[in-house]
Every structure is written in C-alpha cells, then in structure tokens.
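I have placed the structure first, in the form of structure tokens, so that the comments after it can refer back to it.
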Amino acid sequence: MSRSDEGIEAIGLRRQFKDVEAVAGIDLRVLPGEIYGFLGPNGAGKSTTVHMLTTLLPPSGGRATVAGFDVAKQGSQVRAAIGAALQEAALDPFLTGAEHLRLQASLHGIRGDERKRLIGRLLDRVGLTSAGNRKVRAYSGGMKRRLDLALALIHDPSILFLDEPTTGLDPQSRTALWDEVGRLARDEGVTVFLTTQYLEEADVLADRVGIIDHGRIVAEGTPSQLKAQIGKPTVEVVPESPDELERLRELLRRFGAETAARPGAFAVQLDGHGALPEVVRALDTENLRAAQINLHEPSLDDVFLAKTGRTLEGAEEE
Amino acid sequence: MTQQVWLIAQRSVVRTFRQPGTWIPPLTFPLMLMAVNSNGLRAATHLPGFPTDSFLAFFLPFSFLQGALFASGIAGVDLARDIDTGFLNRLALTPVRGSALLIGQIGGAVGLGALQACVYLSVGLIFGVHIDTGVAGAFLILLLAVLIATGWGTLGLWLALRTGSGEGVQSQFPLLFFATFISSMNLPRNLIEVTWFRDVATINPVSYMIEGLRSLVISGWDAQALLLGFGFSLALIAVSLGLAGRQLKVRMART
C-alpha cells in the first residue's frame with residue numbers, strides 16, 4: 001500500500017469570520033503515520049482548523065499543506081489524498097450502509113467488482129456486515145460512527161481527519177473506534193489528525209497532542225512530555241469530619257498550592273516540599289483523620305489548566 | 001459528469017420515495033383540490049366565452065403546477081437537510097462537480113413530478129377529460145409537467161442553499177403558492193373582471209405555464225400557448241439553475 005511521504009504542515013494558518021478570529025495563526029506539523037490529537041474545548045477552533053485542512057473552508061491567512069499539496073491552491077489533490085469523518089456522522093437516514101458506501105465509492109471512480117469487494121471488506125472491518133442492508137436511521141450512534149469511518153476509508157486515503165469521532169458514544173463503542181484508529185496508524189501507516197474534547201482519548205490514542213484555546217495552540221508535544229512540563233502530582237484529601245476541612249486546608253498548604261477539588265475535599269499540587277508519605281505522616285501527627293486520600297498524577301487537563309488558567313470542563317461552560 | 005449526475009439523482013429519487021410522508025400528500029392534495037373545485041366552480045363553465053364545458057378539464061393543468069410546487073418543497077427541504085447534517089460536506093470531499101451535484105439533486109423532484117403528472121392525467125382521463133391533442137398531446141403534457149417540476153424543484157434548491165435550513169425553505173412557500181393563485185388558474189384571463197387581478201395574472205409566468213398545459217387539453221394545438229408555456233418553464237429552469245449554481249459556490253466554498 002503506497003502512503004504519502006508528507007504529513008500535514010500549517011504555518012500561521014488563520015480564519016476570520018467577520019469580527020471573530022476563529023483560528024488565530026496556528027503552526028503545526030504532523031509527521032506521516034503519526035496520530036496527532038488536537039485537543040480543546042468547544043469553540044476553540046478545532047473544527048475550523050479541520051475544515052481548512054480538508055479544503056472545505058478557505059483560510060483567511062497563512063498557509064497549509066496536506067500530503068504535500070497546498071490546501072488553498074490544490075484542493076482536488078488534497079481531497080484525493082485524505083479521508084474525513086467530520087463532526088456528527090453525516091449520513092442519509094433513508095439509505096442503507098451499503099448504499100452509502102456504493103455512492104461514495106462510485107463518486108471516487110471505484111466501480112464493478114472492485115467496488116463490491118471493497119464494500120464487503122469495509123463493512124466487515126467496521127463490524128457492520130449484518131447491518132449493511134439496513135437503513136441508517138435504524139443504526140445506533142456507534143454504528144453510525146463506524147460507517148462514517150468506513151466511508152472515510154473508501155478510497156484508501158493516506159491521511160485521515162477525524163473530527164470528534166467519539167462524541168456521544170458509549171464507552172464500549174468508543175474503545176472499539178480507538179482500536180480501529182490505532183490499528184490504521186500502526187498497521188497501515190495512515191496519518192491521523194484527530195480532534196477531541198476528551199482528554200482520555202488524546203492520552204490513549206495520540207502520539208503527539210496540540211492543545212488549542214481561543215484559536216491558538218497553547219501547548220504541543222507527546223502526552224508524557226506535556227505532563228512532564230507540569231510534573232507535579234496532586235494530593236486530594238477528604239476529612240472524616242467535614243468540620244475538619246479548615247484545619248486540613250492549613251495543613252496541606254504546607255505541601256503546595258491549592259488546586260481544584262471535589263466538594264468536601266481539599267487538594268494541593270505538590271511543590272516538592274514532600275510527597276505522599278510526608279502528607280500522611282503530617283495528618284497522623286496533627287491527629288487529622290482522613291476518609292480518603294487520592295494521589296493524581298498530572299493529566300492533560302492539568303496541562304490545559306497550566307497553559308490557559310482554566311480546566312477543560314470550565315472552558316466548556318464559558 | 002453524466003455518471004456523477006446519475007449517482008446523485010439516483011440517491012435523490014431513492015430517498016424521496018422512501019419517505020411516503022413526503023410524497024403521498026403532494027400526490028393526493030392536488031387531486032382533492034381538483035375534485036372540490038371541479039364540482040364547486042362548475043357554474044363558471046356557463047360564462048359566455050368559457051373555453052370548455054368541463055371545469056375538470058379546465059382545472060386539471062393547475063394540478064400539475066401545484067404538484068410541481070410540492071415537489072420543489074421536497075427538493076429544497078432534502079437539500080437543506082443535507083446541509084444541516086453535513087452530508088453536503090461529505091459529497092464536497094469527493095471529486096463530484098458542483099454542477100453534477102445540483103442537477104442530480106433535483107432528481108427526486110423530477111421523479112415525483114413525473115409520477116404526479118401520470119397520476120393526475122390518468123385521474124383526469126378516468127373522470128372523462130378528453131385530451132384535445134390526442135396521445136401526442138398527452139405526452140407533451142407529461143413533458144411540460146416534468147419541466148415545470150424541474151424549474152420549481154431547482155428554485156427549491158436555491159432557497160435551500162440560500163437559507164441552509166428546512167424551515168427557511170418552507171417559510172418561502174406561502175409566497176410561491178400566492179404567486180400560483182394570482183394567475184389564470186380558476187378563470188381564463190379574458191374573463192377575469194377585476195382589472196388589477198387580470199393585470200397581475202397577465203404578467204405572472206405561472207399563467208402561461210398553466211395555459212400551455214391547458215391548451216393541450218382543451219383547445220388543440222396552439223403554437224403561441226405552447227411556446228409561452230415551454231419558454232417560461234425553460235426560463236424558470238435557467239434562472240433557478242443560475243441562482244442555485246451561484247449560491248452553491250458560496251455554500252460549498254471548497255478550494
């Protein structure tokens with residue numbers, strides 16, 4: 001299987017909608033065969049970036065190449081090289097899964113026996129063989145997403161864009177889709193550009209992650225690099241008696257700065273003045289009984305918090 | 001290009017006919033109106049100068065037009081749904097040409113228009129309408145009806161591309177219905193006594209589409225009526241296609 005030697009590159013890519021700058025000049029580079037996770041809250045500019053990179057939206061400034069082709073000047077070559085499953089599975093409820101694949105294959109110029117074999121193979125790969133002749137309106141959310149993925153793969157693209165592919169899916173369907181995306185990159189060398197608002201998804205799937213907020217990339221690196229930048233675990237303690245919360249706060253502040261905690265709990269990000277054993281010893285010395293003690297390793301949400309001053313959940317609510 | 005048009009049209013026809021809720025009312029409502037009007041307004045045939053003694057024969061051509069209007073609503077709403085769900089983006093990511101997309105997309109309206117025309121004509125014949133121009137005229141009626149459905153269908157596509165929502169398309173249809181009613185649908189123009197109504201009906205292209213069809217049913221081969229009927233129908237297709245093509249470039253702004 002021939003794969004493009006070129007991945008994705010954007011330099012100062014911008015998109016303005018009247019007074020709103022949805023994407024404010026981003027630079028990124030995705031290597032061939034890499035899974036790049038594009039993480040950010042709703043409205044951060046993820047989908048606008050994907051629309052520009054997939055040629056559906058002309059950029060207002062900057063430049064980008066996909067599979068070595070300029071997205072603004074070589075749209076048809078870009079489209080021939082990419083597959084895309086955009087936000088919300090864009091399917092016709094009145095067509096069957098197989099009819100979707102037949103239409104998509106035919107529009108890509110795939111005909112006859114080759115088309116028939118390909119449809120059978122793709123339906124099998126995404127686990128829809130028995131549902132292939134059912135109308136899509138009878139599909140579950142997970143089945144729609146899997147069909148969406150099969151449609152994106154019909155012309156054997158070297159680069160795959162997945163815009164929030166698991167939004168609204170149950171955990172089982174989500175895991176199945178992750179497995180398939182991972183397999184595509186690992187076994188077939190497909191470059192994957194994946195937008196998500198799920199930290200876990202980026203953490204599990206992506207080789208590298210770019211965090212976007214307000215149209216700008218605020219951090220980029222492998223998940224472990226990004227977490228290492230934060231580097232400090234968090235200790236959260238739930239006192240046995242709620243009346244002890246104030247005393248607990250005073251005690252824990254010795255170990256680091258206060259950070260977000262569940263109601264009825266207090267948490268600090270350890271700043272190097274001791275680790276979990278020291279915290280436990282201090283609680284014992286002060287005779288402060290804890291109902292629960294949790295140690296959180298740094299997550300991508302902590303990275304997001306450190307880079308933007310907000311948690312990803314908080315940013316969603318804005 | 002032909003292959004692409006065929007593929008898109010095939011999908012449009014299939015999805016239209018898989019939604020009975022959208023094509024049964026447009027098929028039956030004009031028949032009900034035809035039944036009510038041909039009975040209720042039968043007395044109009046006694047007016048001096050009325051061109052036929054069968055109001056059913058006189059009114060039958062309006063059913064084709066009304067059916068075409070319904071078909072255009074379906075074409076518009078279906079495309080608006082494609083925009084809304086992102087299906088248009090899916091198609092935009094394939095090598096499909098914009099023109100193929102547009103022409104293919106009216107396949108459903110054309111298919112429904114053809115079915116409606118056959119049903120209305122058959123019902124007319126069953127209830128005693130005599131086609132003055134014979135079998136050849138009947139075929140020409142079907143052709144003109146399909147052209148009218150294509151014209152209105154393309155107008156529906158333009159509205160969908162302009163508004164991007166099914167509600168937006170539907171909100172425009174009362175205006176189009178109004179345009180069909182201020183025409184020669186119920187009376188020949190020379191028998192309309194209210195001057196402003198007659199003037200509006202005279203400048204309304206809908207009158208000429210109805211009169212083209214009507215001439216084939218009740219007054220024999222009338223070159224002028226046919227030229228005007230076919231001319232305005234083709235002009236509607238050309239203008240709507242131009243508007244829709246321009247709007248498609250805005251809506252599908254792929255590079």
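Naming convention: chains lettered A, B, ... in sequence-line order (proteins, then strands); numbering from 1 in each chain.
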Nearest-0.5 Å distance, CG of residue A/Leu101 to CD1 of residue A/Ile110: 10.0 Å
Residue part contacting chain B, namely of A/His155, when any heavy atom lies under 4.5 Å: neither
Chain B interface, residue from A/Asp70, A/Ile154, A/Asp148 that has the most non-hydrogen pairs under 4.5 Å: A/Asp148
B/Ser183-B/Asn204 side chain donor-acceptor pair, cut-off 3.5 Å: no
Parallel, tilted or perpendicular: ring planes of A/Phe193 versus A/Tyr36, cut at 30 and 60 degrees: parallel
Donor-acceptor side-chain pairing of A/Thr65 and A/Glu6 below 3.5 angstrom: no
Interface residue of largest heavy-atom contact number with chain A, from B/Val96, B/Asp82, B/Val14, B/Asn89, under 4.5 Å: B/Asn89
Nearest atoms (heavy-atom pairs only) where A/Pro157 meets A/Ala152: CG-O, 3.3 Å
Contact winner vs chain B - A/Leu95, A/Val78, A/Ile82, A/Leu86, heavy-atom pairs under 4.5 Å: A/Leu95
Shortest non-hydrogen contact between B/Leu147 and B/Ser233, atoms and distance: CB-CB, 4.3 Å
Portion of B/Leu91 that has a non-hydrogen atom of chain A nearer than 4.5 angstrom: side chain
Residues in salt bridge (charged side-chain N to carboxylate O under 4.0 Å, His left out) contact with A/Glu180, at least two apart in sequence or another chain: A/Arg125, A/Arg183
Closest non-hydrogen atom pair between A/Val192 and A/Val181, with its separation: CG1-CG1, 3.9 Å
Heavy-atom contacts under 4.5 Å, residues 134-144 of chain A to chain B: A/Lys135
Residue pair A/Ser60 / A/Gln16, side-chain donor-acceptor N/O under 3.5 Å: no
Distance-only donor-acceptor check, side chains A/Asn133 and A/Thr96, under 3.5 Å: no
Positions in residues 97-106 of chain B that reach chain A, provided some heavy atom is under 4.5 Å away: none
Under 4.5 Å from any heavy atom of chain B - which part of A/Glu99: side chain
side-chain hydrogen bond (donor to acceptor under 3.5 Å, both in side chains) partners for A/Asp92, two or more places apart: B/Arg11, B/Arg15
Audit row: B/Phe230, B/Tyr208, ring-ring contact (aromatic ring centres under 6.0 Å, His included) steps and yes/no: CA-CA 9 Å; B/Phe230 275 92; B/Tyr208 300 99; over 10 Å; no
